[in-house]
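Notes follow once the structure below has been shown.
Values in this document were obtained by computation on a predicted structure and should not be read as measured data.
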Amino acid sequence: MHTAKELVRGAHAHFVGTHPYNGEMPGVLRNALDRLAPPAGDGPLTGKTVAPASASPEARGAVGARASPY
């Protein structure tokens with residue numbers, strides 16, 4: 001069984017689809033990204049291309065889920 005870090009490290013790019021939660025990225029996803037791309041810059045997501053996408057029927061759509069420091 002592979003860990004998330006091994007799977008992320010093995011890919012060239014990543015597509016992250018999410019929904020907004022309270023106008024922001026869901027906490028579980030934010031926590032996962034924090035663990036995969038730590039501030040020190042030595043995580044498996046560091047230097048990878050990441051394409052965020054989100055959708056919502058709300059008036060603002062899912063802008064808050066994409067407007068993240070990641």
Side-chain angles (χ1 to χ4, degrees):
M1 183 177 202
H2 296 287
T3 67
K5 288 183 179 183
E6 291 171 340
L7 293 171
V8 168
R9 189 173 281 119
H12 295 287
H14 302 279
F15 180 84
V16 179
T18 186
H19 64 285
Y21 181 76
N22 286 338
E24 296 183 5
M25 180 185 297
V28 172
L29 178 57
R30 183 180 303 269
N31 187 28
L33 292 173
D34 282 343
R35 291 179 179 270
L36 295 171
D42 59 351
L45 197 57
T46 303
K48 302 278 181 144
T49 299
V50 178
S54 57
S56 173
E58 298 174 7
R60 291 187 61 224
V63 173
R66 291 187 316 267
S68 175
Y70 299 100

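- Among residues two or more places apart in sequence or in another chain, the side chain to side chain contact (heavy atoms under 4.5 Å, CB included) test is passed with Val8 by His14, Leu36, Pro44, Leu45.
- For the atom pair Thr46 OG1 and Arg9 CZ, the distance stands at 9.5 Å (nearest 0.5 Å).
- Linking Ile, Leu, Val, Met, Phe, Trp and Tyr whenever their side-chain heavy atoms come within less than 4.5 Å leaves Leu7 and Leu33 in two separate clusters.
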